[in-house]
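Chain letters run A, B, ... following the sequence lines, proteins first, then strands; residues in each count from 1.
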Amino acid sequence: MNYNFTEIEKKWQDYWEKNKTNKTNDFSEKKKYYVLDMFPYPSGVGLHVGHFKGYVATDVVARIKRMQGFEVLHPMGWDAFGLPAENFAIKTGIHPEITTEKNIENIKHQMKIAGLSYDWDREINTTDKDYYKWTQWIFLKLYENNLAYKKILPINWCPSCKTGLANEEVVNGKCERCGTETTKKDIKQWILKITEYADRLLEDLDTLDWPERIKEMQRNWIGRSEGWEIDFGIEDTGRVVTVFTTRADTLFGCTYVVLAPESEVVLELKNKISNWDEVSDYIEKAKNKSDLERISEVKGKSGVELKGLKAINPINGKDVRVFVADYVLASYGTGAVMAVPAHDERDFEFAIKYDLPVIEVVRPKNGDSDISESAFIQDGYLINSDTFTDMDSESARKAIGESLKEEGFARPKINYKLHDWPFSRQRYWGEPIPIIHCNSCGIVPLEEKNLPLTLPHVDKYEPTGTGESPLAAIENWVNVKCPKCGGDAKRETNTMPQWAGSCWYYLRYLDIKNDRVFVDSEKEKRWMPVDLYVGGAEHAVLHLLYSRFWHKFLFDIGVVSTKEPFQKLRNIGLVLAHDGQKMSKSKGNVISPDSVIDSFGADTLRVYEMFMGPFDQAIGWNEQGVKGVNRFLTRVWDIVMENKNITNSSSEVVSETQKLIKKVNDDLEKMKFNTPVAFFMEYVNFIYDNKAGFGKDSAKIFIKLLFPFAPHICEEMWQLIGEQGLVSEQEWLTPDASLIKADKIILIVQVNGKVRDRMEFDSDIDQVKAEEAVRNSEVIAKWIKGKKIKKVIFAQGKLINIVA
RNA sequence: GCCGCGGUGCUGGAAUCGGCAGACAGGACGGACUUAAAAUCCGUUGGGCCUAGCCCGUGUGGGUUCAAUUCCCACCCGCGGCACCA
């Protein structure tokens with residue numbers, strides 16, 4: 001009987017579906033394990049083999065955990081709001097709902113034929129109104145708690161997508177979605193106060209089992225820095241410029257002050273500035289620069305002095321000059337800096353260019369530093385700093401800050417690079433924001449009982465480009481009566497960004513039908529947090545940061561019980577095309593799982609995806625490798641079938657089988673999937689080379705171990721060797737050390753650290769006996785002949801090294 | 001520039017509480033079967049040489065050690081992230 005994967009896989013997939021084999025019970029006696037994939041966007045081209053690398057890995061984990069006696073929650077759903085479906089609608093007039101539904105059907109089919117063991121009774125879809133009802137509900141709660149506000153802000157604008165974007169969505173000055181260069185645009189926006197959670201988002205990273213680089217990226221993105229705000233008075237104006245600095249220790253070296261071009265102070269003091277024409281020219285130019293231009297100009301600073309203005313350094317009362325320059329960012333700190341050219345690279349560069357004084361105030365502990373060529377930016381010891389001279393930088397920061405604080409010139413301050421999150425999009429295919437704008441009452445949130453606010457159908461999906469979404473054109477939807485006063489009012493027409501639905505989806509799986517509360521608290525306590533979360537690293541500062549923020553908020557209002565949503569995170573490495581390029585539709589190098597399953601079967605696909613290499617690493621697809629895995633599975637099939645009438649294995653095979661259990665368990669524990677597959681292959685090669693002695697007892701063990709990787713073939717073999725029930729119902733294995741043959745060992749024999757021989761001994765041999773045997777061996781005698789033995793190193797059971 | 005990760009045969013990779021470098025797989029080459037091909041099976045496959053055997057070899061240079069892919073120092077290269085954040 002041959003290995004007919006097509007027939008076998010169909011048979012078992014039908015069985016699992018019919019019997020709901022993978023259904024999760026909310027409350028059972030078992031311990032829980034929640035293993036989650038990042039849910040996909042249901043794209044029209046379907047998923048490629050790269051997506052499945054992650055899905056197979058979590059599926060392997062889910063299947064093992066079930067066998068280990070856990071109640072496993074392993075769900076899947078669709079993150080279906082987003083631009084591709086909307087852009088498709090613009091082109092074709094077909095409603096995104098229809099395209100989305102079709103795409104979901106296709107992808108779901110791909111997942112089923114791969115044998116992924118999701119509990120499909122828990123499928124969710126973020127565009128379902130019963131789902132986004134609760135996305136809207138969370139928004140209302142954020143609003144109620146003063147974490148959502150509306151404000152005109154110069155935000156990133158994508159001229160092609162015609163929508164505002166968050167900082168996280170702009171990559172190198174370009175729109176993350178379409179690659180168009182972004183501009184700045186003043187739009188009245190809904191903003192979420194993520195900065196309120198900056199410290200907690202930062203601190204709690206330490207409690208998470210996540211890849212270090214993802215944590216590091218979040219830390220950098222949040223960008224906390226501690227320092228001081230220091231007031232510089234502007235002479236004869238009564239006006240004050242406040243700067244932010246982390247280097248208060250260098251205050252005596254401040255030789256000028258720089259303002260951002262957007263600074264209000266500049267406009268306010270217009271009349272005092274003698275070269276106003278020049279200044280306003282500069283400001284105008286700076287404002288018109290795109291982000292991309294600014295980035296490309298990082299080297300080569302420009303600026304203009306505000307002539308007629310003098311700022312007073314509060315530490316010594318000295319006059320310093322005042323500049324505007326676009327190397328100072330309005331959006332960070334106070335939009336003004338004190339310039340210390342001797343100890344800051346940018347200030348140094350600027351000072352050289354405009355011939356400004358450079359005063360050295362910090363020296364390294366030992367020896368001199370040369371500040372004629374470049375700034376000395378490290379900490380050191382103070383010089384030229386009045387009573388603070390000789391202090392170390394760290395103490396001086398504190399001392400100078402405190403002394404100014406006493407006089408009312410300074411305050412300690414913590415700044416973040418993280419900005420609040422612009423939360424409105426001027427597009428159609430997103431969750432409507434449940435807000436009404438009333439002429440007399442202002443902003444009026446919808447009442448909870450009126451949720452969901454459903455997304456109405458429109459005729460035209462084109463973005464308007466005006467700061468309104470296409471919803472603005474539907475008059476009978478937009479125009480409403482104010483729920484408070486009954487007067488004329490309009491609905492908010494912006495929609496939520498694509499990240500909204502994914503911020504909390506992992507909670508909906510716990511309780512998908514609930515229309516009373518967004519998650520039942522017993523179920524939440526039962527299942528949270530997610531024990532293992534697997535997905536791509538590209539979400540490091542988007543989805544993963546946003547959802548942590550929402551989760552912490554939900555914790556604060558008492559609807560979830562954990563501080564963090566995802567306890568353990570692992571990233572999938574990309575699957576590249578065979579040419580080492582990224583798979584993309586445009587390059588035509590995409591491998592779909594369907595074609596692999598068709599030619600070699602789902603089990604081959606699964607085992608190959610795990611065998612390719614470490615699963616967090618980017619690796620190229622190799623069709624030959626797929627064939628190799630298929631050969632392996634065929635050989636497994638043949639061996640099991642040929643030996644199914646043998647009851648007991650030889651003691652040697654029994655021993656190898658136990659060793660296999662141990663090795664597979666050890667590596668799976670470490671989230672390694674490629675080496676267990678290699679161990680399976682080694683084992684099969686061993687059996688194949690020693691034909692006698694492989695019995696049903698060992699076959700049963702092997703089938704159980706292989707099952708999480710290749711579930712279809714294993715269920716089939718289980719049945720064919722005459723076993724009852726399903727493999728998936730069997731208990732996972734732990735090795736029995738007493739069955740591992742360990743009476744003989746191969747001792748590595750070295751002379752002066754070089755391997756000269758290998759000798760077989762009883763495993764418990766001691767140094768004295770080993771040494772004696774080794775010295776008497778012909779091979780070794782040759783090497784130590786005529787030499788004086790200085791030392792003998794003996795590593796029990798492993799190695800003996802004679803140093804001569 | 002800063003931060004993180006990495007560098008091992010022809011290729012993907014294995015081996016790090018320091019102890020046989022190259023497991024496993026692919027490819028290539030040789031052979032068996034076949035009219036032939038595919039499939040399957042057997043063998044060889046890091047480099048070198050004076051080829052029973054020895055020497056060299058894990059990015060480079062140094063160090064610690066009986067012993068280093070593994071630990072330490074300096075550097076080179078690649079990938080990813082951040083990037084005028086004061």
Completion exercise
With B for base contact, S for sugar-phosphate-only contact and - for none (protein heavy atoms under 4.0 Å), nucleotides 12-29 of chain B reads BSSS---BBS-BBSSS--
Practice task
Scan nucleotides 45-53 of chain B nucleotide by nucleotide, 5' to 3', and note B when protein non-hydrogen atoms come under 4.0 Å of the base, S if they reach only the sugar-phosphate, - if neither.
Solution key: ---------
Describe the nucleic acid contact of [X] in one word from base, sugar-phosphate, nothing, applying a heavy-atom distance below 4.0 Å.
X	result
Glu216(A)	sugar-phosphate
Val337(A)	base
Ser225(A)	sugar-phosphate
Tyr688(A)	sugar-phosphate

Exercise for the section: Go through A86(B), C55(B), G4(B) for me and flag the one nearest to the Arg213(A) side chain. Expected result: G4(B)
Exercise for the section: Take the angle between the ring planes of Tyr354(A) and Phe323(A) and call it parallel below 30°, perpendicular above 60°, tilted in between. Expected result: tilted
Practice task
Return the orientation label for the Phe702(A) and Tyr683(A) ring planes: parallel under 30°, perpendicular over 60°, tilted otherwise.
Solution key: parallel
Given [N], is OP1 or OP2 found less than 4.0 Å from the side-chain N or O atoms of [X]?
X	N	answer
Lys754(A)	C56(B)	yes
Arg635(A)	U40(B)	no
Tyr327(A)	A86(B)	no

[N] and [M]: how far apart are their [atom1] atoms, nearest whole angstrom?
N	M	atom1	answer
C76(B)	U11(B)	P	25 Å
A67(B)	A74(B)	P	24 Å
G1(B)	G9(B)	P	28 Å

Handout entry: Base orientation of G9(B), syn vs anti, 90° cut from 0
Key = syn
Problem - Anti or syn - U40(B), cut at 90° from 0 - result: anti
Distance, rounded to the nearest Å, where [X] contributes [atom1] and [N] contributes [atom2]:
X	N	atom1	atom2	value
Glu642(A)	C41(B)	CD	C1'	13 Å
Asp347(A)	C84(B)	CG	C1'	10 Å
Met217(A)	G4(B)	CE	C1'	10 Å

Practice task
Verify, without hydrogens or angle tests, whether Arg548(A) (side chain) and Leu201(A) (backbone) share a donor-acceptor contact under 3.5 angstrom.
Solution key: yes
Practice task
Keeping the roles fixed (side chain from Asn801(A), backbone from Ile793(A)), state whether a donor-acceptor pair exists under 3.5 Å.
Solution key: no
Handout entry: Pairing partner of C29(B) (Watson-Crick or G-U wobble, both distances under 3.5 Å)
Key = G43(B)
Problem - Within-4.5 Å side-chain heavy-atom neighbours: Trp221(A) and Glu168(A) - result: yes
